[in-house]
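Encoded as structure tokens, the structure appears first; notes follow it.
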Amino acid sequence: MRPIIQSRIFQVLTILVGLVLMGAACSKNGTEALTPMPLKIPSNFPAATYALDRNPITKEGFELGRKLFYDGLLSRDGTISCGNCHIQGSAFTHHGHDVSHGIDDRLGVRNSPAIMNLAWNRFFFWDGGVFDLDLQPLGPIENPVEMDEHMPNVITKLKQHKDYPALFNRVFGPGEINAEKMLKALSQFMLQCVSAESKYDRYIRNEGVQLTTDELAGLTIFKQKCATCHSTDLFTDNAFHNNGLIPAWLNDSGRFRVTLQPQDMHLFKTPSLRNVAKTAPYMHDGRFLNLQAVLDHYSSGIQNSPTLDPLLKPNGLPGLPLSDTEKAQLIAFLQTLTDDAFLRNPTLAEQ
């Protein structure tokens, strides 16, 4: 074979190999490769319920979701971001407020739920009105007392922004910004809000940490009286219960607002107890200011009603009797669920 032909063949082969290698290095969006950021499943957690294969997490997608999470652009007048009502140091709750304070300082009707371990959630909001994390942000964005905006307006603002078009193209490839892309980016950020490094976690995983006598006693009491609803190491059964919070003035019907089934009247989603020492006030309406008040309720404040959970009247009478010592021991245990690494993780903070 003549040298020039060999040279041409070599050049063609070189180009073909280069194209193959370039294709392997590029993401499916046709740009430079994205950096995978897979969700880490703690060894003491069950399998995640979110379909991670439909929205693979990348570093770039996570960072876009984080930028959106802390951007007031998602609200009508630019003043309210997701991060306003979900503060990292309080496990992404609205610490110090019984119910959420939204745009124009308007009051909501419920306490802001924590954002953590959402990959394991099957329902969202206190009444479970949303069953897909990718749809969850639509609630606060469209709510007139929270962000008071409409998705078409949000998308228009994102398209006109100096940074977002390039960021969306980087993550999702060429094409216009749309609601699906925006919501998936937010999910990528929220999915990585994983709390699993508390003292309890290190104890249960045999990582060289021991609980004190009171903490161990509290864990025993917890398993006896609390763990049915606050189950697994997620500390929630992801189900709905009426826990006896219905004085005559309360008009929040809970899960009933979603299902219209009489048996769901005044049922609310079981919140996780992770970082519970940092998420006061408590219950769907933030009525209890501290853990002592919560335990006092379960011990002697439960009100009977047709839909009261049978678990809360084990002897036919409402209440789970607890002595002062048992309450103190339970609180000692609950404090072991605080995950300072999560609460201070700089990658989850506004940049």
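Start at 1 with the first residue, then count along the sequence. Only this structure's heavy atoms are used, side chains among them; waters, hydrogens and symmetry mates stay out.
Around atom NZ of Lys159, more than 12 heavy atoms belonging to other residues, nucleotides or ligands sit under 6.0 Å away. For CZ of Arg344, the number of neighbouring non-hydrogen atoms (other residues, nucleotides, ligands) closer than 6.0 Å is 12 at most. Residue Lys59 places its NZ atom among 12 or fewer non-hydrogen atoms of other residues, nucleotides or ligands, all under 6.0 Å distant. Counting heavy-atom neighbours within 6.0 Å of Lys225 NZ, excluding the residue itself, gives a total above 12.
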Problem set entry | Candidate pair Thr307 and Gln263, rule side chain to side chain donor-acceptor pair (under 3.5 Å), full reasoning | CA-CA 6 Å; Thr307 60; Gln263 64 268 25; over 6 Å; no
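Thr259 pairs by the side chain to side chain donor-acceptor pair (under 3.5 Å) definition with Asp264, not counting sequence neighbours.
Salt bridge Arg54/Asp132: present, at least one basic N to carboxylate O contact under 4.0 Å.
At least one donor-acceptor pair closer than 3.5 Å links the side chain of His95 to the backbone N or O of Ala280.
One finds the CG atom of Asp296 at 12.5 Å from the OH atom of Tyr298 (value rounded to the nearest 0.5 Å).
Ring geometry for Phe189 against Phe62 counts as tilted: the plane angle lies between 30° and 60°, on a 0 to 90° scale.
Aromatic pair Phe123/Phe131: ring centres not closer than 6.0 Å. If you look at Phe235 and Tyr200, their ring centroids are closer than 6.0 Å.
A donor-acceptor pair shorter than 3.5 Å can be found between the side chains of Asn345 and Thr347.
The side-chain tip of Lys67 points at the ring of Tyr164 from less than 6.0 angstrom away and within 45° of straight on.
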